[in-house]
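Bear in mind that the values here come from a model prediction, so they are computed numbers and not experimental data. Basis for what follows: all heavy atoms, side chains included, without hydrogens, waters or symmetry-related copies.
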Amino acid sequence: MEKKTMNHLARIANCLQTILDLEPELRKLELGASLTDEFDVLKNFLEKVDRLDLTEDDVRRVEKATSTFLEELRGPLSLAQEHGDAQRRLQ
């Protein structure tokens, strides 16, 4: 496999894994239950990503979507963390 393709695969895999790493935290949020199916889709896609013929534009779109998704989660995740910290202090 050529170096360019390996780079594309690594970048896509990194984006997907970054989102999947947030799964435990996201499941704690109100919207977390609705994301269960999407996490399964991402896991399946990650297993098959090495079979795809990816272009630089494809990779950039996934990176941008990942960045946007993470930015949108910043607020809810920080609120959940603050709430969890307050709960621990009360106990």
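- No side-chain donor-acceptor contact under 3.5 Å links N14 to the backbone of R11.
- In this structure, the side chains of L22 and L70 come closer than 4.5 Å at one or more pairs of heavy atoms.
- Taken to the nearest 0.5 Å, the CG atom of D53 stands 6.5 Å off from the OG1 atom of T5.
- Here the options are L42, D40, L26, the test is side chain to side chain contact (heavy atoms under 4.5 Å, CB included), and the partner is L35; only L26 passes.
- Not counting sequence neighbours, T18 has no partner by the side-chain hydrogen bond (donor to acceptor under 3.5 Å, both in side chains) test.
- The distance from the CG atom of L16 to the OG1 atom of T66 is 6.5 Å, given to the nearest 0.5 Å.
- Within the structure, the salt bridge (charged side-chain N to carboxylate O under 4.0 Å, His left out) test picks out the following pairs touching residues 64-73 (sequence neighbours left out): E71-R74.
- In this structure, CE in M6 is found 9.0 Å from CG in D50, a value given to the nearest 0.5 Å.
- Under a 4.0 Å N-O distance rule, the pair K43/E47 does not qualify as a salt bridge.
- Tracing side-chain contacts under 4.5 Å through hydrophobic residues (I, L, V, M, F, W, Y), one never reaches V41 starting from F69; they form parts of separate clusters.
- Between D57 and R61, the closest side-chain pair of non-hydrogen atoms falls below 4.5 Å.
- Shown here for L54 and H8, the closest heavy-atom pair between the two residues is O-ND1, 3.1 Å.
- Closest non-hydrogen pair, V62 versus C15, comes out as CG1-CB, 3.9 Å.
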